[in-house]
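Please read the structure below before turning to the comments.
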Amino acid sequence: MSTKYIFVTGGVSSSLGKGIISASLAKLLQARGFSATIQKFDPYINVDPGTLNPYEHGECYVTDDGAETDLDLGHYERFLNVPTSQANNVTTGKIYQTVIQKERAGEYLGKTVQVIPHITDEIKRRFSLLGETGDYDIVISEIGGTVGDIESLPYIEAIRQVRWELGSTSCLVIHLTLIPYLSAAKELKTKPTQHSVKELLRSGVQPDILVCRTEHSINMSIREKLALFCNVDIRSVIEAIDADTIYDVPLLMLKEKLDVTVLEKFQLTSKHEPKLTQWKEFLGKLKNPLHEVNIGLIGKYHELQDAYKSILEAFIHAGAVNECKVNVVSIHSEKISADNVQQVLGDLHGILVAPGFGERGVEGKISTVQYAREEKIPFFGICLGMQCAVVEYAQSRLNLSDAASLEVDPSTAHPVIDMMEEQKKITQKGGTMRLGAYKCKLKKGTKAYNAYSSDLIEERHRHRYEFNSQYLEQFEKEGMIASGVNPETGLVEIIEIKNHPWFVGVQFHPELKSTVESPHPLFVDFIKAAMDYQ
Ligand code: GLN
């Protein structure tokens, strides 16, 4: 069958959850036997979000092939359990970069290069790249931002053209909108949606389906009104009521028959009833926990919830496996010092020191590591968190009181965390870290080996610094071992402390590979250790 395309636009307001709606629809189509993928188009001019501060953009999600991408790709992977790639995230920056490179190469020789057709053609080329691989029955493209934004205009025009070229049985436009509730009037209001659809119509795009975010159920008369004034059939008005957890949304969409409506419009018949047993089992465990633990998440970007999105989701997956409610306590590393560490961290059953960049907050992270190590509280260090664990061990146990990471103290006499060799000559910032999936060989009998039940794994990276192997012997003699090493380069990827119930630091980002159907083994074992500690 030829690939079908779905475009998801947003109206009225940002943050309505286009990523979750797209992922939920893809999940239902996958559960009915279709192969689906989702791609995100971001209308900003950065080439990728890798150079954006987490305060601006939340977490930067890294794919196996080393793309630094929008955090929505994390939702796509967590829902579909299928990896994404470079092609799944496109920005206006990338589109312009390609067009300008072609212009310089003389590909448009003699022509004026313009938004229409050159930019829109490049957008269209990217819309269909994944479809053309032949791997997918359905490709969902989520358009970032809100209809009416100046910067989304070329995308809307490209959608108009594709919809016209492919027709209604191969291309659909879903508009996600907000139905606000006015508590004084006790009424749900459809007018903002009518305006937002009018805005789309001004650009020549008629949405086929409306997905309506709402705090209260929308009754038949509201559905009729929306259908009449937005030119859609009544069954294409889909309610998306606020959910307790994002993982409820696929089932809510199933109830609203979003998947059935889509398949009908595409004139496709479902291969079988939706297979969602594993998903429902996960939800059952998530909602009926038998245990409860408090886990400290020590980071410095806590002002923005989305900065640690994948870590928070990985805890949800690992909690469900263990039938354990994981209360994540966000603690600002700048507020921790050697003097108050007991008081701040005293009620925790496990401590995770988060990834990060730069020197701010590192001291608090090192005090945290020392406390977890000495008090034998389960400890999980990720990337910068692992590097802090190494520095703390060197300072406390190797008698290298001035040991540091070169990132924090460029003049240290003992750079136990050093800049990677290949990084030393790099001056460009964008896309130049050690990025993407690398193999790692695990040592038998270690915590890591026990968690993965395998001796060769692959995990995703995003860093410039690494464990300085010149010190490895000294560390191992004192009880901190390298339990995972890159088989090609010898880089230390995992460290552990032997005489501790659970002390593991990883140079990679395990949180990026945790999904509902494959919770990450290190997170699962960390929660187990926290339950034992409790
Ligand atoms: N800043 C550290 C490095 O670049 C750690 C990066 C991270 O935590 N992702 O090596």
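Order of appearance sets the numbers: ligands from 1, and atoms from 1 within every ligand. No hydrogens, no waters, no symmetry mates; every other heavy atom, side chains included, goes into these values.
Looking at ligand 1, you won't find any N or O of Met433 less than 3.5 Å from one of its N or O atoms. In terms of polar-atom proximity, Gly356 is counted as a contact of ligand 1, with an N or O under 3.5 Å from an N or O of the ligand. Not a single N or O atom of Gln507, backbone or side chain, sits closer than 3.5 Å to an N or O atom of ligand 1.
Looking at atom 7 (C) of ligand 1, its nearest protein heavy atom turns out to be Cys383 SG, 2.9 Å. Residue, atom and distance of the protein heavy atom nearest to atom 10 (O) of ligand 1 are Tyr465 N, 2.9 Å.
The distance between the ring centers of Trp502 and Phe379 does not fall below 6.0 angstrom.
Neither side chain, Tyr61 nor Glu511, offers a donor N or O lying under 3.5 Å from an acceptor on the other. Side-chain polar atoms of Ser411 and Asp409 form a donor-acceptor pair below 3.5 angstrom.
Distances shorter than 4.0 angstrom occur between a heavy atom of His509 and an atom of ligand 1.
Between Lys424 and Glu421, at least one side-chain nitrogen of the basic residue sits less than 4.0 Å from a carboxylate oxygen of the acidic one, meeting the salt-bridge criterion. Here Arg460 pairs with Glu77 in a salt bridge; the nearest charged N to carboxylate O distance falls below 4.0 Å.
In this view, Thr446 and Lys443, Ala448, Tyr449, Ile481, Ser483, Glu496 satisfy the side chain to side chain contact (heavy atoms under 4.5 Å, CB included) rule, not counting sequence neighbours. Residues forming a side chain to side chain contact (heavy atoms under 4.5 Å, CB included) with Lys18 (at least two apart in sequence, or on another chain): Val8, Glu142, Leu176.
The proximity of Arg462 to ligand 1, defined as any non-hydrogen pair under 4.0 Å, is limited to the backbone.
Using a 4.0 Å cut-off to heavy atoms of Glu407, the atoms of ligand 1 that qualify are 1 (N), 2 (C), 3 (C).
Compare Met420, Glu359, Arg464, Met386 by their heavy atoms: the one nearest to atom 3 (C) of ligand 1 is in Arg464.
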